[in-house]
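What follows is a single structure, written as structure tokens, with notes after it.
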Amino acid sequence: MDGRKHAIATERNSEPILQVLLDILPPTGTVLEIASGTGEHAAYFAPRLKPRKWIPSDTNASLRESIIAWIKHSKSENLYQPLDIDASKPIWPIEKEVSSEISDISAIVNINMIHISPWSACLGLMAGAGRILSPGGILYVYGPYKQNGKHTAPSNEAFSEYLQEQNPEWGVRNLEDVVEVARTHNLILQKTYPMPANNLSVVFKHS
């Protein structure tokens, strides 16, 4: 009734993702989350990642309302109001900001977007991270991936088929394709972590 939306997957993956973030994020600075969805991850991560600041974003207005509701529920002073960012756009609104509070973006986090969006969103994510992150900055992406052109589990293959039925531009991506696009924007693969439900955490560093 308070406006907070819920996603079942967050109950399963929030803590495993947090443990990876604690391992790979710079110790200070601002984390920009692209495609924050319901806002549950932002509300869970921000208080546990202090003193880092956390800025959520989503292009969906109803989801931004949910993020705002989660921020009110969280009451975490390092969790900021959501931005309207479409990853596929050539310039993100945050790039026009001059506030010192958000000028030190040291990491970008993107959870469960690349497979539930057109390929242009992945291209835009990598280009945006390449523009915004300084050398040493971290890009973290999470989700299911094919490897060497093959699904890693029957459930991922079925999920990809389901997604493509919803939208032919969606679907589980080939990890090597994502890594190659990242490389063209000076984002170098550092490590992959196996995660629950046949997902991967994929970590890039800006060179």
Closest non-hydrogen atom pair between [X] and [Y], with its separation:
X: K5; Y: W70; result: O-NE1, 2.9 Å
X: A197; Y: N156; result: O-OD1, 4.0 Å
X: T152; Y: Q147; result: CG2-OE1, 3.5 Å
X: H41; Y: S14; result: CD2-OG, 3.4 Å
X: A42; Y: P47; result: O-CD, 4.3 Å
X: A129; Y: L139; result: CB-CD2, 4.2 Å

Answer yes if [X] and [Y] sit in the same cluster of Ile, Leu, Val, Met, Phe, Trp and Tyr residues linked by side chain heavy atoms under 4.5 Å apart, and no otherwise.
X: L189; Y: V203; answer: no
X: I111; Y: L83; answer: no
X: I34; Y: I55; answer: yes
X: I138; Y: L175; answer: no

Exercise for review: Sort and list the pairs that fulfil ring pair (Phe, Tyr, Trp, His ring centres under 6.0 Å) and have at least one residue in residues 134-168, not counting sequence neighbours.
Suggested key: H115-F159
Review point. Just wondering, more than 12 heavy atoms not from K89 lying within 6.0 Å of its NZ?
Key: no
Check your understanding: Considering residues, nucleotides and ligands other than K205, do more than 12 of their heavy atoms fall under 6.0 Å from its NZ?
Key -> no
At what distance, to the nearest 0.5 angstrom, does [atom1] of [X] lie from [atom2] of [Y]?
X: N13; Y: E11; atom1: CG; atom2: CD; answer: 10.0 Å
X: I108; Y: L133; atom1: CD1; atom2: CG; answer: 4.0 Å
X: N78; Y: T30; atom1: CG; atom2: OG1; answer: 9.5 Å
X: L32; Y: I94; atom1: CG; atom2: CD1; answer: 4.5 Å
X: I68; Y: L63; atom1: CD1; atom2: CG; answer: 11.0 Å
X: L49; Y: T28; atom1: CG; atom2: OG1; answer: 12.5 Å

Which salt bridge (Lys or Arg N to Asp or Glu O under 4.0 Å) pairs, counting each pair once, include a residue from [range], with sequence neighbours left out?
range: residues 186-197; result: none
range: residues 158-176; result: none
range: residues 125-144; result: E95-R131

Point to revise | Residues D104 and K53 bridged, charged N to O under 4.0 Å | key: yes
Does the [X] side chain pair with the main chain of [Y], one donor and one acceptor, at a distance under 3.5 Å?
X: S160; Y: E157; result: no
X: S106; Y: L25; result: no
X: D58; Y: R64; result: no
X: N186; Y: S207; result: no
X: N110; Y: V141; result: no
X: R48; Y: Y44; result: yes
X: E33; Y: V31; result: no
X: R52; Y: P26; result: yes
X: S36; Y: S57; result: yes

Check your understanding: Hey, which of E40, E65, H73 is the one that makes side-chain hydrogen bond (donor to acceptor under 3.5 Å, both in side chains) with R4?
Key -> H73
Review point. Can you tell if the side chain of P82 reaches within under 4.5 Å of the side chain of I71, non-hydrogen atoms only?
Key: yes
Review point. Got M195 and L200 here, is their nearest side-chain heavy-atom distance under 4.5 Å?
Key: no
Practice item. Tell me, with the steps shown, if L125 and I114 meet side-chain contact (heavy atoms from CB on, under 4.5 Å). Key: CA-CA 9 Å; L125 173 67; I114 289 177; 4.3 Å; yes
Practice item. Kindly determine whether I116 and N167 satisfy side-chain contact (heavy atoms from CB on, under 4.5 Å), including the steps that lead there. Key: CA-CA 9 Å; I116 315 179; N167 187 325; over 6 Å; no
Exercise for review: Evaluate the criterion side-chain contact (heavy atoms from CB on, under 4.5 Å) for residue pair I17 and V109; output intermediate values, then yes/no.
Suggested key: CA-CA 11 Å; I17 290 175; V109 168; 5.9 Å; no
Check your understanding: Who are the ring-ring contact (aromatic ring centres under 6.0 Å, His included) partners of W54, not counting sequence neighbours?
Key -> F45
Point to revise | With sequence neighbours excluded, residues passing ring-ring contact (aromatic ring centres under 6.0 Å, His included) with F204 | key: none
Point to revise | Residue pair Y193, I24: steps toward the side-chain contact (heavy atoms from CB on, under 4.5 Å) verdict | key: CA-CA 11 Å; Y193 296 75; I24 58 99; 3.2 Å; yes
